[in-house]
Amino acid sequence: MPELPEVEVVKQSLNLKIKQKKIEKVIIKNRNLRFKIPLNFEKVLQNRLIKKITRFSKYIILNFSDGSFCLIHLGMSGTIHLLQKNSLNKFTNTSFYNSSELPKKHNHVVIKFKDSKIIYNDPRRFGFFKFIHNKKELDYRLSHLGPEPFSKNFNLKYLMNYFLKKKKDIKSFLIDQKFVSGIGNIYASEILFLCKIHPKSVAMKLSKKNCKKIISNSRTVLNKAIKSGGSSIRDFKNISGRNGNFQKKFRVYQRGDLSCSRNKCNGKIKKIFISNRSTFFCNSCQK
DNA sequence: AAGAGGCCCTGATAGC
DNA sequence: TGCTATCAGGGCCTCT
């Protein structure tokens, strides 16, 4: 669920709240995330100063002052909550998420600072925390990822060349992080709707014009989503982004059987499965 | 090389 | 009421 825009919103919030803070203590309540958190993780992070928080694709990166990093992935259901000490020295939830109450279950990781702490909650445990020693190791860890949609490397030449012998459908490539990184299942459908391209279109058969559309609409959709604070779907009580409003602007995602919202289009939104992932498109204007 | 499929996990929901 | 089945999907893995 957290795709590039949601992760970007969390990153921005973290930069406002925990930049230049020193980690006083780390508490792991459950090590069994996507990758097992090693036993020395708490000690390794302790006393490190967070210089800044950056993001690549769907990864959040804590940049420490000594050149090391902590790589964080939210998986599908990961959320980060911030608690700050009030004047009575009690922690109050000033979360990045709407829920005024901290979730009771699945609070796996706690990182404490002098006056605040962040809590990582993840019911499905598809996310992870990983300590990275230096820039070289970070680059290696992320080296399998394709360019972000915003990158100048995500250009017409790159697409045309990449698609040369690709017989698979375009929708699968949009969510393939090796091709382009940051787009997930929700935004893939939204992007193709704006392009008027059918999700099952064979990649190698796409015209230059359509490749250009894919590039520009990927950027458009993700930028709009970031400006709307990301998308919040399904569990509105707990996972709803504080400013997450983009779900209200979905043109096709989760709109199966509804009429197409495009001007003068009489089509209907259809839901199909591509590689076991739900995919939404208009049966009239997406060719 | 490319593509298909499976697995990890919990919670919400549907159907009986 | 309580049971079971299905779906949600990001990343990584294996197999052909």
Side-chain angles (χ1 to χ4, degrees), chain A residues 1-8 10 29-37 55-61 71-80 97 99 101 103-109 120-130 132 140-146 148-149 159 161-192 199-206 222 225 230-241 244 247 250 252-257 271-280:
Chain A
M1 253 173 280
E3 303 182 25
L4 187 153
E6 291 74 34
V7 178
E8 173 66 22
V10 173
K29 295 180 179 172
N30 188 348
R31 294 183 188 277
N32 298 307
L33 302 186
R34 178 73 174 79
F35 307 113
K36 191 149 192 151
I37 298 178
R55 178 194 61 72
F56 184 76
S57 184
K58 303 171 189 173
Y59 298 80
I60 293 168
I61 306 162
L71 192 62
I72 302 172
H73 198 289
L74 303 176
M76 274 192 49
S77 56
T79 52
I80 294 175
Y97 296 90
S99 53
E101 300 273 330
K104 289 183 173 51
K105 292 169 75 176
H106 312 300
N107 295 316
H108 307 309
V109 178
Y120 176 73
N121 183 280
D122 188 0
R124 273 172 252 189
R125 307 208 313 268
F126 279 10
F128 67 81
F129 281 67
K130 191 176 189 329
I132 306 277
Y140 178 75
R141 181 63 183 73
L142 302 175
S143 60
H144 64 292
L145 295 167
E148 288 199 348
L159 265 71
N161 190 47
Y162 197 95
F163 289 158
L164 268 183
K165 291 176 182 172
K166 301 290 197 292
K167 293 174 183 163
K168 223 171 28 163
D169 58 274
I170 179 61
K171 196 266 182 168
S172 295
F173 283 111
L174 283 183
I175 61 171
D176 181 348
Q177 307 299 300
K178 286 194 298 294
F179 166 60
V180 59
S181 59
I183 298 172
N185 202 45
I186 296 170
Y187 295 113
S189 283
E190 293 298 314
I191 290 163
L192 289 174
K200 279 199 167 174
S201 303
V202 174
M204 62 185 285
K205 291 185 179 169
L206 286 171
L222 296 188
S231 304
S232 313
I233 57 168
R234 287 179 75 84
D235 194 342
F236 277 71
K237 276 178 193 157
N238 289 332
I239 306 181
S240 169
Q247 70 280 359
F250 286 162
V252 287
Y253 188 78
Q254 286 190 337
R255 295 190 77 248
D257 286 335
K271 177 183 182 178
I272 56 172
F273 284 90
I274 297 179
S275 314
N276 283 325
R277 297 283 190 260
S278 65
T279 305
F280 298 84

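So you know, we letter chains A, B, ... as the sequences are listed, proteins then strands, and number each from 1.
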Ring center gap for Phe163(A) and Phe173(A) short of 6.0 angstrom: yes
Qualifying residues under side chain to side chain contact (heavy atoms under 4.5 Å, CB included), relative to Arg34(A), sequence neighbours excluded: Phe128(A)
Protein-nucleotide distance (Asp176(A), atom CG; dA4(B), atom P), rounded to Å: 12 Å
Value in whole Å for how far the C1' atom of dA2(B) lies from CG of Asp169(A): 13 Å
B/S/- contact track for nucleotides 10-16 of chain C, protein heavy atom under 4.0 Å: BBS----
Whole-Å distance separating the OH atom of Tyr162(A) from the P atom of dA2(B): 7 Å
Length of the NE2-C1' vector between His108(A) and dC8(B), whole Å: 13 Å
Between dA1(B) (P) and Lys168(A) (NZ): distance, integer Å: 15 Å
Separation of dC9(B) P from Lys105(A) NZ (nearest whole Å): 15 Å
More than 12 heavy atoms from other groups under 6.0 Å of CG on Asn32(A): yes
Along DNA chain B (nearest heavy atom to each residue), the more 5'-positioned of His106(A) and Lys167(A): Lys167(A)
side-chain hydrogen bond (donor to acceptor under 3.5 Å, both in side chains) assessment of Ser278(A) paired with Lys271(A): CA-CA 7 Å; Ser278(A) 65; Lys271(A) 177 183 182 178; 5.3 Å; no
Five-pair end axes of the helix from dA2(B)-dT16(C) to dC16(B)-dG2(C), angle between them (10°): 50°
Working for side-chain contact (heavy atoms from CB on, under 4.5 Å), residues Phe273(A) and Thr279(A): CA-CA 6 Å; Phe273(A) 284 90; Thr279(A) 305; over 6 Å; no
Touch class at under 4.0 angstrom, heavy-atom based, for Lys178(A) against every strand present: nothing
Lys166(A) side-chain N/O to dA2(B) phosphate OP1/OP2 under 4.0 Å: yes
Worked verdict on Asn30(A) versus Asn107(A) for side-chain contact (heavy atoms from CB on, under 4.5 Å): CA-CA 8 Å; Asn30(A) 188 348; Asn107(A) 295 316; over 6 Å; no
Exercise: do Lys171(A) and Asn185(A) side chains pair donor with acceptor under 3.5 Å: yes
Atom-to-atom span, CZ of Arg124(A) to P of dC7(B) - whole angstrom: 18 Å
Spacing of Lys171(A) atom NZ relative to dG3(B) atom C1', expressed in whole Å: 16 Å
Sugar-phosphate only, base, or nothing, as touched by Ser172(A) at under 4.0 Å among non-hydrogen atoms: nothing
Mutual orientation of the aromatic rings belonging to His73(A) and Tyr59(A) [parallel < 30°, tilted 30-60°, perpendicular > 60°]: perpendicular
